[in-house]
Amino acid sequence: MYIAIMGYGTVGSGVAEVISNNHDSIVKKSSQAELEVKYILDLRDFPGDVNESKMVKDFNIILNDPEVKVVVETMGGLHPAYEFVSSCLKAGKSVVTSNKELVAAKGDELLAIAKEKNANFLFEASVGGGIPIIRPISQCLAANRIDEIAGILNGTTNFILTMMIDKNMSFEDALKLAQDNGYAEKDPTADVEGHDACRKICILAALCFGKHVYPDAVYTEGITKITLTDVEYVRSWGGVIKLIGRAKRLSEDKISAIVSPALVKNGSQLASVNDVFNAILVRGDATGDVVFYGKGAGKLPTASAVVADVIDCARNIEKRKDFGWESGTENYVVDYNELETALYVRAKTDDKANAVEALKAVFGEIEILSRENAEADELAFVTPSGAEKELNSKLEGVDKLSVLSKIRVVDY
Ligand code: HSE
């Protein structure tokens with residue numbers, strides 16, 4: 001069987017490398033007489049590369065070759081990946097992708113085309129890199145009703161937060177180190193602003209709850225406003241700050257989905273996930289909590305997930321996998337302001353004693369936090385749980401309190 005790879009960057013070249021390195025066992029597992037990369041599509045030249053003879057620049061060569069049964073998309077971005085993938089599926093070819101932006105934006109539509117054409121559209125590598133998560137949710141946990149999913153879904157931001165927490169490094173220095181280590185992109189916006197984690201929670205929520213979740217509907221906040229002062233206060237609270245993507249089934253036709261920094265208590269499953277590692281917690285009614293942990297990015301871990309999907313396609317060339325993933329509906333994701341949470345708040349006030357009294361009057365009890373060498377006008381505390389909009393309106397009602405930072409508290 002012949003395959004083609006579109007995009008010869010980090011992941012695409014990793015796919016070619018894994019197929020070449022483990023060729024014999026991959027062929028055996030694929031139940032095919034042969035499994036060979038016939039074309040690699042990329043606009044760049046790769047003189048002297050081991051795969052130079054396979055390089056093509058014209059997508060139509062792949063599309064119009066009936067011998068190519070499975071196409072790997074590792075180009076990234078929405079365009080032209082979307083047009084290429086939908087054309088391949090319409091031509092009856094199966095497609096495997098690592099592109100979370102594509103799956104999060106167009107998963108429902110591409111799965112519908114695949115269904116019509118009796119082809120497969122597989123995307124194990126789009127969430128968690130080499131961590132098995134798509135197949136476990138759709139197959140191994142299929143007997144469960146999954147009501148909640150939460151995770152540290154972005155390696156770059158987890159590395160930055162770990163450096164801030166463990167090494168007292170500023171956000172800027174930690175980001176620079178992440179870039180020097182090759183974790184963060186040169187333009188790290190999608191990582192640090194939470195968009196990458198948002199795409200991943202959309203994919204996981206669609207799999208768990210059965211309906212497409214559009215990234216625009218998910219409130220997303222990154223880690224750029226987290227300071228070392230917040231890190232210190234949260235340490236005194238007995239926890240750490242993590243960027244958490246989470247989604248919960250609220251009723252048959254409503255879910256919550258949000259990406260934001262969050263306070264996590266030490267000792268919880270997610271608190272000890274450090275550096276570039278990812279962890280995804282799935283709450284099933286039969287299994288209870290199941291946590292998937294490992295490297296969420298990187299050339300060979302991600303390529304390993306892509307190639308596993310290629311093997312799956314090859315083995316099931318006439319059979320199609322159904323993910324039970326329908327199109328989304330309006331107002332499916334509830335406004336995050338309506339959700340229950342506790343809030344960590346850091347503020348300034350000229351009159352601490354009065355501010356504390358006023359806060360107690362509106363919230364009942366608050367948990368006051370401390371740190372060494374705090375400024376005299378600094379006040380940090382954790383509120384009780386309540387609907388976020390109500391907590392905010394209570395905060396606004398407190399005189400002479402200037403809020404500098406607010407972070408949600410989670411209980412995973
Ligand atoms: N930039 C992503 C991360 C890569 O840091 O997790 C994997 O999606």
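Only heavy atoms go into these numbers, but all of them, side chains included; no hydrogens, no water, no symmetry mates. One is the number of the first residue; the rest follow in order along the sequence. Atoms within a ligand are numbered from 1 in the order they appear, just like the ligands themselves.
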## Note on the structure
Of all protein heavy atoms, the one nearest atom 4 (C) of ligand 1 is Ala297 CB, 3.7 Å
#### Entry: atom 8 (O) of ligand 1 [closest protein heavy-atom partner, distance rounded to 0.1 Å]
Lys100 NZ, 2.5 Å
### Summary
Value for NZ (Lys200) from CD1 (Ile280), rounded to nearest 0.5 Å, stands at 8.5 Å
### Task
Check whether any N or O atom of Asn278, backbone or side chain, sits under 3.5 Å from an N or O atom of ligand 1, and answer yes or no.
no
### Message
Rounded to the nearest 0.5 Å, what separates atom OH in Tyr233 from atom CG in Leu379?
### Response
7.5 Å
### Query
Between OH of Tyr336 and CD1 of Ile258, what distance do you get to the nearest 0.5 Å?
7.5 Å
### Task
Considering only non-hydrogen protein atoms, determine which one is nearest to atom 3 (C) of ligand 1 and report residue, atom name and distance to 0.1 Å.
Asn154 ND2, 3.3 Å
### Task
Would you kindly specify which portion of Thr157 sits under 4.0 Å from ligand 1, judged on non-hydrogen atoms: side chain, backbone, both or neither?
neither
### Task
May I ask you to decide if Tyr332's main-chain N or O and Thr329's side chain share a donor-acceptor pair within less than 3.5 Å?
no
### Polar atom proximity, Lys200 to ligand 1 (N or O, under 3.5 Å)
yes
### Query
If you round to the nearest 0.5 Å, how far is CZ of Phe121 from SG of Cys88?
11.0 Å
### Message
I need the single residue from Lys225, Arg346, Lys406 that forms a salt bridge (Lys or Arg N to Asp or Glu O under 4.0 Å) with Asp230. Which is it?
### Response
Arg346
#### Entry: atom 6 (O) of ligand 1 - nearest protein heavy atom and its distance
Gly155 N, 2.8 Å
### Per-atom contacts of ligand 1 with Asp191, taking only distances under 4.0 Å to non-hydrogen atoms
1 (N), 2 (C), 3 (C), 5 (O)
### Task
Identify, by atom number and element, the atoms of ligand 1 in contact range of Gly296, meaning under 4.0 Å from any of its heavy atoms.
7 (C)
### Query
Considering only heavy atoms of Thr156, which atoms of ligand 1 have at least one such atom less than 4.0 Å away?
1 (N), 3 (C), 5 (O)
### Query
Given Asp49 and Tyr8, is the side-chain hydrogen bond (donor to acceptor under 3.5 Å, both in side chains) satisfied, shown in steps?
CA-CA 11 Å; Asp49 189 277; Tyr8 198 54; 2.7 Å; yes
